[in-house]
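First the structure, in the form of structure tokens, and then the observations on it.
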Protein chains: 2
Amino acid sequence: MPEVLFDRKEQINEIAQNLFRTNGYAATSMRDLAKEVGIEPASLYSHVKSKEALLQKICFRIADEFFDALQKILKKELSAQEKLSKAINAHVSVILNNLDATTVFFHEWKHLSKPSLSEFKSLRNKYEKQFRSIIESGIESGEFDDVDAHVSIKLLFAMMNSIYEWYNPKGKLKQKDIVENIVETFIYGVVSSEN
Amino acid sequence: MPEVLFDRKEQINEIAQNLFRTNGYAATSMRDLAKEVGIEPASLYSHVKSKEALLQKICFRIADEFFDALQKILKKELSAQEKLSKAINAHVSVILNNLDATTVFFHEWKHLSKPSLSEFKSLRNKYEKQFRSIIESGIESGEFDDVDAHVSIKLLFAMMNSIYEWYNPKGKLKQKDIVENIVETFIYGVVSSEN
DNA sequence: CCTACCGATCGGTAGG
DNA sequence: CCTACCGATCGGTAGG
């Protein structure tokens with residue numbers, strides 16, 4: 001009888017995501033990880049090349065997820081406003097479906113070392129540029145005010161990428177509610193339309 | 001002749017802020033710090049009780065600065081909209097005037113240990129509550145839409161507290177520009193008023 | 001502010 | 001996947 005009840009490698013990755021999120025990458029030791037997994041520290045190295053390899057895997061997998069989600073939306077023929085709403089929804093989905101991993105992605109990438117680090121940064125810039133193009137085309141078409149797109153995209157990312165700080169998966173708020181709040185705030189603001 | 005050309009303790013604090021920001025608290029060793037300061041590692045302990053004492057000092061000093069800035073505004077008799085603008089300006093000022101320290105404040109507080117940690121959290125909650133009260137009174141008076149104040153304040157904090165990630169002190173953007181962008185985005189949104 | 005040093009812990013390897 | 005272990009580095013102290 002096959003005893004592949006679970007994939008140890010995957011288990012290690014998931015526990016690492018959780019520990020890196022909770023305690024930070026630098027403050028998490030391979031011994032902490034081994035203990036949570038339930039094996040001896042040295043045994044981790046049968047499944048994992050190094051501590052940093054764990055971090056790399058998290059960071060680049062999440063980068064892929066963000067890209068894949070965005071590409072599908074960029075292809076569509078939509079107004080800038082609709083495209084932006086859908087892109088926000090897609091981005092927030094990736095976050096909510098990968099809370100541990102995205103938190104590590106946002107916080108711990110600076111601990112990547114040389115070749116990975118610059119690759120990571122360039123992926124991030126590329127993604128931001130693609131996202132920003134939605135805002136820029138909205139400005140061009142007159143749908144949006146003539147805002148500073150470089151600053152606006154930073155503010156939008158800030159709202160989306162800080163969700164992990166306050167979102168409670170067991171709370172009443174659903175993904176739809178969060179997306180609506182961000183879209184409403186970013187696109188229309190909080191001021192009463194009667195004023 | 002007095003040789004107090006500078007305060008060593010203050011110098012240590014400032015370099016610690018910078019290192020904690022750049023490399024993170026856990027990944028910064030007292031030896032790194034000593035090297036930057038230009039003394040032997042053991043000599044740090046003539047000026048500093050422990051590594052964590054350095055972190056505590058940063059976190060609680062910044063908490064104080066945020067509180068002081070906000071109290072002055074809460075006292076004033078202003079519309080919710082004006083009060084909110086001024087509070088945003090005050091909060092952003094603290095950040096821009098303390099970029100290293102506020103970055104550490106936002107990122108590294110989780111490395112505080114037991115009694116400090118809960119004190120820190122309760123200060124944060126208290127500050128958020130005070131800030132949120134501005135939005136709540138704006139909703140009550142009809143100045144603002146009937147938004148979810150708990151979510152709105154998280155989105156507003158996200159925009160303000162992520163500034164350190166992209167702000168370049170040597171760039172063209174002035175504090176006034178950043179505040180305007182945040183106020184405009186949060187209060188009015190990016191959508192063209194003609195639509 | 002320094003020399004000398006402590007016990008603890010780190011990421012990782014050898015060899016089975 | 002384990003036992004046994006490596007050299008490096010950690011925060012911090014004693015004593016001057």
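So you know, we letter chains A, B, ... as the sequences are listed, proteins then strands, and number each from 1. In this text the structure is predicted, and so the values were computed from the model without any measurement.
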Please give, in whole Å, the distance from [N] [atom2] to [X] [atom1]?
X	N	atom1	atom2	value
D7(B)	dC1(C)	CG	C1'	15 Å
K35(A)	dC2(D)	NZ	C1'	18 Å
E52(A)	dC10(C)	CD	C1'	16 Å
D32(A)	dT9(C)	CG	C1'	10 Å
K9(A)	dC1(D)	NZ	P	12 Å
E40(A)	dG11(C)	CD	C1'	16 Å
K49(A)	dG12(C)	NZ	P	9 Å
M30(A)	dT13(C)	CE	P	10 Å

- Message: Using a heavy-atom cut-off of 4.0 Å across all strands, would you classify S46(A) as base, sugar-phosphate, or nothing?
- Response: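 Here S46(A) touches the bases of the nucleic acid.
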Using only side-chain N and O atoms of [X], determine if any of them is under 4.0 Å from OP1 or OP2 of [N].
X	N	result
S43(B)	dC2(C)	yes
S29(A)	dC10(C)	yes
R31(A)	dT9(C)	no

Side chain of [X], heavy atoms from C-beta onward: which of [options] has the nearest atom to it?
X	options	result
K51(B)	dT3(C), dG12(D), dT3(D)	dG12(D)
H47(A)	dC1(D), dC2(C), dG11(C)	dC1(D)
R8(A)	dC1(D), dC1(C), dT13(D)	dC1(D)
Y45(A)	dC2(D), dG12(C), dT3(C)	dG12(C)

- Message: With rounding to the nearest 0.5 angstrom, report the CD to CD distance, E82(A) to E143(A).
- Response: 8.0 Å
- Does a side chain donor of either E52(B) or S50(B) reach within less than 3.5 Å of an acceptor in the other side chain?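 Short answer, no.
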- Applying a 3.5 Å limit to both distances, which nucleotide forms a Watson-Crick or G-U wobble pair with dG15(C)?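 Matched dG15(C) with dC2(D) under the 3.5 Å cut-off.
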- Query: With both distances under 3.5 Å as the test, what is the Watson-Crick or G-U wobble partner of dT9(D)?
  - Reply: dA8(C)
- Query: What's the shortest heavy-atom distance between I95(B) and M160(B), and which atoms?
  - Reply: CD1-O, 3.3 Å
- Item | Within 45° cone of Y25(A) ring axis and under 6.0 Å: K51(A) NZ or CZ |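 K51(A) over Y25(A) ring: yes.
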- Message: If we check ring pair (Phe, Tyr, Trp, His ring centres under 6.0 Å) with F131(B), which of these qualifies: F157(B), F67(B), F66(B)?
- Response: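 Among the candidates, only F157(B) passes.
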